[in-house]
Number of protein chains: 2
Amino acid sequence: MIAPADDTLPTNGDRPKSITLKDVARLAGLSPITVSRALHNPRLVKPDTIARVKEAAAAMGYIPNMLAGSLTTKRSQLIAAIVPQLSNSMFAETVQGLNDELSAHGYQLLLSVSNYSRQKEEDLLTAILSRQPDGIVLTGIHHHPGVRKKLLATGVPVVEAWDLTPSPIDIAIGFSQERVGEKVAQYLLSKGYKRFASICARDERANRRRLALEAELERHGVVPVATHLATPPTVMNLGREGLRAILAEGHAPDVVVCSSDVLAQGALVEAQAQGIAVPETLGIMGFGDFDFAAYTHPPISSVHVDKRAIGVQAARALIAKIEGEAPAGNVVDVGFNLVERGTTRQIG
Amino acid sequence: MIAPADDTLPTNGDRPKSITLKDVARLAGLSPITVSRALHNPRLVKPDTIARVKEAAAAMGYIPNMLAGSLTTKRSQLIAAIVPQLSNSMFAETVQGLNDELSAHGYQLLLSVSNYSRQKEEDLLTAILSRQPDGIVLTGIHHHPGVRKKLLATGVPVVEAWDLTPSPIDIAIGFSQERVGEKVAQYLLSKGYKRFASICARDERANRRRLALEAELERHGVVPVATHLATPPTVMNLGREGLRAILAEGHAPDVVVCSSDVLAQGALVEAQAQGIAVPETLGIMGFGDFDFAAYTHPPISSVHVDKRAIGVQAARALIAKIEGEAPAGNVVDVGFNLVERGTTRQIG
DNA sequence: CTGTTAGCGCATTCAA
DNA sequence: TTGAATGCGCTAACAG
């Protein structure tokens, strides 16, 4: 006889009954709370007893149920992070750094990907909060209005990463996108470039860099000739297409600023395919200082950011806050460095 | 007066009291269970009541506590994954695919990084199991003995990704490392290469590909001239160093097989720095078909694997199993393709 | 040092 | 269609 399909999903009732603290306690001839203490607070328990408990726990293959534990302690040892994208992006390294540092301190990482959508970010946040994380890492400082509200209502420690703001939800760790734009503008102007084009991902931070660059150009009386927007995921071919489109529209930039080294490599490939000399006829500027940037021909001038450090510092800041340490400032600037390489002119 | 520092961590008691089902029920003038049903099982509740509940929940900013929910339902909507590495690796794409598919089905991802250590993998697994995940994704098929034991004891659905085996713990989704090694050997032999060197990450799967390659060579009476092992993280520079070391030891390979395109690009850079003609004097073979591989000079011959699909399929297989669908086979071969490009000779 | 009691927030089971 | 009682597995608080 087949059971009618209800609303209810199968409960995996075929899984082995799980072994609980009570079971271990019984085997060890102790009370459950003593077992709990032996496992998590050994100094409160006689060494002798600890040994007995450990033996019993090992014998039964006991695995604590953290859901139950967290329900009473109000601490989940969970940190949630939302990044816009993982593959082909700068964020994988940040996530790795975050995870490494969390892991070293006994925390685990709940990871979500927003796909550059604020709405998705907010939806994810709701789901995340229901798991009672001890801390949250968001990417960027611009969010759906509900995000800030919910976060403040729950009071979870929050790091906004990859950007700076004077008024973070809680803590901000990153660098100023605007200053990157300005510095890049100043650098390229100093090299004599005059006709600026951009290939920019449809990404909030990338766009702010671009706008700051354009503002700085304007201050020097220079008007950008063309902008091409590329929809993430940021694969190299978008850089090729971007440059091709700009040229096809009849623009003749003498430098193209890309929001990622990945796009810059694409632009470089396209320039070479069209027989355009880089950096003589066309300069190319990247961003992110990816591993490969130093090894293309010519190597890509870029902006270096310590992507991993952002993750590590985010973890540290959250853990410090969770564990009640004195806050060490709620805005951390990790800075950036302009890296001059072969895709921009070496002349002064 | 300052409280003495105990064992106990601060309990974040300063956080706002959280709003529970009971609070919402009180406001709506209903019982908690009705509120629960209105939220999760609306067909059991009068539309009118649902509206009242939703209004009350929204008004109070209610966020369900999933820890409590999962404690009774025995379902966590959580899938855990352990990958060897995230940055500079093939796994970021798999994780992205996994996450996208999980997210679309209401699951969340708990991510851990083993750093290529079996011991770490096993430690992570213990921590993971304590969160009662509905499913687990491991990388590879070779684990610490405790891993299989624990997994079988708990009975969680498990996918072993990026490899194949006739005897998976539960489900395997990947491709045969051995067949990759053989195919690469056959291909390079067919191109007339005779003196084989390897630059191989200290990674179990990479090594199995290498060993299979060498076995195949041996079957054709060819003995490899040199092997260089590189400790992850697999950054490009390790490829440069690898080739430099091989040449410095006096070997004169006519082809070097790399366990990743990242290493291959490094080897390519080093070869060019030393004025060695690629592919005429030295062939270079990569693995992974990374985005950049098609755009180096010359472009890197590689082995294409659908990294993202592995993640997507892992998610699907787990969800199907969790939700009680009929299993569609517990070993899925996603295959691979050899991609011939400019770093290997075009002659037959 | 160890145990008892109680409750975390929710959903299952049974009853109305 | 709604509600009451109960327990998931664990630990905080308070004994002893």
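All values below come from the heavy atoms of this structure, side chains included, with hydrogens, waters and symmetry mates left out. Only a predicted model underlies this, so the values are computations on that prediction, with no experimental measurement involved. Chain letters run A, B, ... following the sequence lines, proteins first and then strands; every chain starts at 1.
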For this session: For B:L67 and D:dT11, give me the distance from atom CG to atom P, rounded to whole Å.
Result: 13 Å
For this session: Tell me, yes or no, whether the heavy-atom count around A:K120 atom NZ, taken from other residues, nucleotides or ligands under 6.0 Å, exceeds 12.
Result: yes
Problem set entry | Integer-rounded Å distance: D:dC10 C1' and A:Q132 CD | 16 Å
Exercise. Just to confirm, is there a sub-4.0 Å distance from OP1 or OP2 of D:dA12 to any side-chain nitrogen or oxygen of A:T72?
Worked result: no
Problem set entry | Non-hydrogen atoms of A:L71 and B:L67 that approach each other most closely | N-CD1, 4.3 Å
Problem set entry | Worked check of side chain to side chain contact (heavy atoms under 4.5 Å, CB included) between A:Q85 and B:Q96 | CA-CA 8 Å; A:Q85 190 180 119; B:Q96 168 107 40; 3.7 Å; yes
Exercise. Between atom CZ in A:R43 and atom P in C:dT2, what is the gap in whole Å?
Worked result: 16 Å
Exercise. Does a side-chain N or O from A:T73 land closer than 4.0 Å to OP1 or OP2 of C:dC8, or not?
Worked result: no
For this session: Indicate whether any N or O donor in one side chain lies under 3.5 Å from an N or O acceptor in the other, for A:T73 and A:S70.
Result: no
For this session: Determine whether B:L111 and B:I82 make a side-chain contact, defined as any pair of heavy atoms from C-beta on separated by less than 4.5 Å.
Result: no
Exercise. In whole Å, what is the span from the CG atom of B:D23 to the C1' atom of C:dC8?
Worked result: 13 Å
For this session: With the side chain counted from C-beta on, respond yes when B:I128 and B:S112 share a heavy-atom pair under 4.5 Å apart, and no when they do not.
Result: yes
For this session: Report the distance from atom CZ of A:R131 to atom P of C:dG9, rounded to the nearest whole Å.
Result: 18 Å
For this session: Residues of residues 59-66 of chain B with any non-hydrogen atom less than 4.0 angstrom from an atom of DNA chain C: list those, numerically ordered, please.
Result: B:Y62, B:P64, B:N65
Exercise. Are any of the side-chain nitrogens in A:R26 or A:D23 under 4.0 Å away from the carboxylate oxygens of its partner?
Worked result: yes
Polar atoms only, N or O, under 3.5 Å: list the protein pairs with nucleotides 2-6 of chain D and their distances.
unit_1	atom_1	unit_2	atom_2	d
D:dT2	OP1	B:T49	OG1	2.5
D:dT2	OP2	B:K46	N	3.0
D:dG3	OP2	B:S31	N	3.1
D:dG3	OP2	B:S31	OG	3.0
D:dG3	OP2	B:T34	OG1	2.5
D:dG3	N7	B:R37	NH2	2.6
D:dG3	O6	B:R37	NH1	3.3
D:dG3	O6	B:R37	NH2	3.4

Problem set entry | Spacing between A:H40 atom NE2 and D:dG9 atom P, to the nearest angstrom | 15 Å
Exercise. How bent is the helix from C:dC1-D:dG16 to C:dA16-D:dT1, comparing axes over its five end pairs at each side, to the nearest 10°?
Worked result: 30°
Exercise. Can you check whether A:S36 has a side-chain N or O nearer than 4.0 Å to OP1 or OP2 of D:dC10?
Worked result: no
Problem set entry | Protein-nucleotide distance (A:K74, atom NZ; C:dG7, atom P), rounded to Å | 13 Å
Exercise. Taking CG from A:L71 and C1' from C:dA6, how many angstroms apart are they, rounded to a whole number?
Worked result: 13 Å
Exercise. For A:E121 and A:H142, which heavy atoms make the closest approach, and how far apart are they?
Worked result: OE1-O, 4.4 Å
